[in-house]
Amino acid sequence: MLGWVVTFLVVALIAGILGFGGIAGASIEIAKIIFFIAIVLFLISAVVGLVRGRTRV
């Protein structure tokens with residue numbers, strides 16, 4: 001998922017250098033959304049892993 005973030009950031013940088021401001025802005029926004037989704041999924045995964053690791057019977 002973070003690979004998509006890097007891809008959109010590279011697209012945004014190239015578009016910004018070439019003067020396509022609209023495409024660059026849209027790519028940055030998409031990259032931000034995907035990045036925050038990845039962070040949330042990571043935190044959920046970490047919490048579930050901690051909860052499962054503590055249940056020893």
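Ile14 has its side chain within reach of Val10: a pair of non-hydrogen atoms, C-beta onward, lies under 4.5 Å apart.
The shortest heavy-atom contact between Ala15 and Ile23 is CB-CG2, 4.0 Å. Looking at every heavy atom in both residues, Phe8 comes nearest to Ser27 through O-CB, 3.5 Å. Across every non-hydrogen atom of Ala24 and Gly16, the tightest pair is CB-N, 3.8 Å.
Both Leu41 and Ile34 belong to a common hydrophobic cluster when Ile, Leu, Val, Met, Phe, Trp and Tyr are linked at side-chain heavy-atom distances under 4.5 angstrom. In this structure, Phe20 is not a member of the same hydrophobic cluster as Val11, with clusters built from ILVMFWY side-chain heavy atoms closer than 4.5 Å. Clustering ILVMFWY residues whenever any of their side-chain heavy atoms sit less than 4.5 angstrom apart, transitively, puts Trp4 in the very cluster that holds Ile39. In the hydrophobic clustering of ILVMFWY residues, with side-chain heavy atoms under 4.5 Å counting as a link, Leu13 and Ile33 come out apart. Both Leu9 and Phe36 are members of a single hydrophobic cluster when ILVMFWY side chains are connected at heavy-atom separations under 4.5 Å.
Here CD1 of Ile28 is found 12.5 Å from CZ of Phe35. Values are rounded to the nearest 0.5 Å.
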